[in-house]
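All remarks here apply to the structure that follows.
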Amino acid sequence: MTLVIGLTGGIASGKSTVSNMLKEMYVTVVDADVEARLAVEKGEPAYNKIIGEFGREILMEDGEINRPKLGSIIFHQAEKRKLLNEITHPEVRKRMKEQVENAKKNNEEVVVLDIPLLFESKLTNLVDKTILVFVDHETQLHRLIARNNLSVEDAEARIRSQMPLSDKVELADAVINNNGSIADLKKQLIEVLIKWGINLE
């Protein structure tokens with residue numbers, strides 16, 4: 001029986017760090033952001049639908065989608081953003097489900113779906129258990145400013161654009177607190193996996 005775990009967090013919470021720890025443990029990690037990029041590559045079904053809706057002016061010379069140009073369109077127009085999501089999200093879900101099926105066929109003990117908007121996009125039906133990587137607001141703010149070289153105002157705006165981590169705590173099956181050291185983070189991750197019967201040998 002393959003346990004499917006949804007891994008989520010917030011911006012600068014340390015989710016990617018936990019994702020990398022899992023990969024080091026030879027756990028299959030399916031990254032929603034990577035799948036979203038692959039889903040809109042030239043020749044993919046979503047690629048043709050996007051051109052049909054947004055026109056060829058969003059393409060670069062090599063025919064690939066100009067992501068910044070598309071981003072600038074959807075950033076300012078909510079209905080266009082909704083349209084793009086309606087095209088891409090089903091394709092991303094399909095790609096992720098295929099990888100879960102492969103893991104099950106290979107009798108893997110666990111597969112992790114790394115989904116930033118797991119709760120917001122109501123994708124918990126894809127997983128058996130959820131892990132939230134949590135940080136307090138101050139830590140999140142300082143890390144985001146340092147990582148992305150942002151002003152306090154810009155960093156606050158990005159954090160506010162997401163569901164608060166404190167709200168996600170109520171929804172998650174397990175919460176890993178990332179206010180401390182990397183070693184402490186890894187210890188908590190291992191404890192959760194062991195609790196859920198994952199053999200890490």
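All heavy atoms count here, side chains included; hydrogens, waters and symmetry mates do not. We number each residue from 1, following the sequence as shown.
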Under the side chain to side chain contact (heavy atoms under 4.5 Å, CB included) rule, what do T130 and T124 come out as? Steps first, then yes or no, please.
CA-CA 8 Å; T130 55; T124 49; 4.2 Å; yes

Please round to the nearest 0.5 Å and tell me the distance separating atom CG of N66 and atom OG of S72.
8.0 Å

State the CG-CG distance between D114 and D33, to the nearest 0.5 angstrom.
7.0 Å

Has N20 got a side-chain atom pairing as donor or acceptor with S16's backbone, closer than 3.5 angstrom?
yes

Checking V29, T2, I5 against V110 for side-chain contact (heavy atoms from CB on, under 4.5 Å), the one that qualifies is I5

Are E156 and H137 side-chain neighbours, meaning at least one heavy-atom pair lies under 4.5 Å?
yes

What's the spacing between E120 CD and Q162 CD if we round to 0.5 Å?
7.0 Å

Ignoring hydrogens and angles, tell me if any N or O in the side chain of N106 forms a donor-acceptor pair with the backbone of N102 under 3.5 Å.
yes

Donor-acceptor pairs under 3.5 angstrom involving side-chain atoms of residues 42-61: please list them, not counting sequence neighbours.
{"residue": "K42", "atom": "NZ", "partner": "D62", "partner atom": "O", "Å": "2.7"}
{"residue": "Y47", "atom": "OH", "partner": "G63", "partner atom": "O", "Å": "2.4"}

So if you build clusters from Ile, Leu, Val, Met, Phe, Trp, Tyr with side-chain heavy-atom gaps below 4.5 Å, do L118 and M163 land together?
yes

Taking side chain as C-beta onward, heavy atoms only, is M1 less than 4.5 Å from K104?
no

Do V133 and T8 come within less than 4.5 Å of each other through their side chains, counting heavy atoms only?
no

Residues, nucleotides or ligands: over 12 heavy atoms within 6.0 Å of R95 CZ
yes

For the residue pair M21 and T17, establish whether any side-chain heavy-atom pair is separated by less than 4.5 Å.
yes

NZ-CG distance between K168 and L117, expressed to the nearest 0.5 angstrom
6.5 Å

Counting only pairs under 3.5 Å, give me each side-chain donor-acceptor contact of residues 179-190, with atom names and distances, residues two or more places apart or in other chains.
{"residue": "N179", "atom": "OD1", "partner": "D136", "partner atom": "N", "Å": "3.0"}
{"residue": "N179", "atom": "OD1", "partner": "T139", "partner atom": "OG1", "Å": "3.4"}
{"residue": "N179", "atom": "ND2", "partner": "N177", "partner atom": "OD1", "Å": "3.0"}
{"residue": "S181", "atom": "OG", "partner": "D184", "partner atom": "N", "Å": "3.1"}
{"residue": "D184", "atom": "OD2", "partner": "Q188", "partner atom": "NE2", "Å": "3.3"}
{"residue": "K187", "atom": "NZ", "partner": "E191", "partner atom": "OE2", "Å": "3.2"}
{"residue": "Q188", "atom": "OE1", "partner": "N177", "partner atom": "N", "Å": "2.8"}
{"residue": "Q188", "atom": "NE2", "partner": "N177", "partner atom": "O", "Å": "2.7"}

Any non-hydrogen side-chain atom of I194 less than 4.5 Å from a side-chain atom of I198?
no

Do D173 and W196 have side chains that approach each other closer than 4.5 Å (heavy atoms only, starting at C-beta)?
yes

Find the distance between CD (E91) and CZ (R93) and round it off to the nearest 0.5 Å.
10.0 Å

Under the side chain to side chain contact (heavy atoms under 4.5 Å, CB included) rule, what do V169 and L132 come out as? Steps first, then yes or no, please.
CA-CA 7 Å; V169 168; L132 171 70; 3.8 Å; yes

Quick one: are L3 and E109 in side-chain contact, heavy atoms under 4.5 Å?
no

Student check: side-chain heavy atoms of K82 and E86 closer than 4.5 Å:
yes

Please report the closest heavy-atom contact between N178 and S13, naming both atoms and the distance.
ND2-O, 2.8 Å

Criterion side-chain contact (heavy atoms from CB on, under 4.5 Å) against T28, the qualifying member of V111, V112, V100, L22:
V111

In this structure, CD1 of I176 is separated from CD1 of I131 (nearest 0.5 Å) by 4.5 Å

Start with the C-alpha distance between V18 and K23, add both sets of side-chain angles, then the distance that settles side chain to side chain contact (heavy atoms under 4.5 Å, CB included), and finish with yes or no.
CA-CA 9 Å; V18 172; K23 289 172 193 168; over 6 Å; no

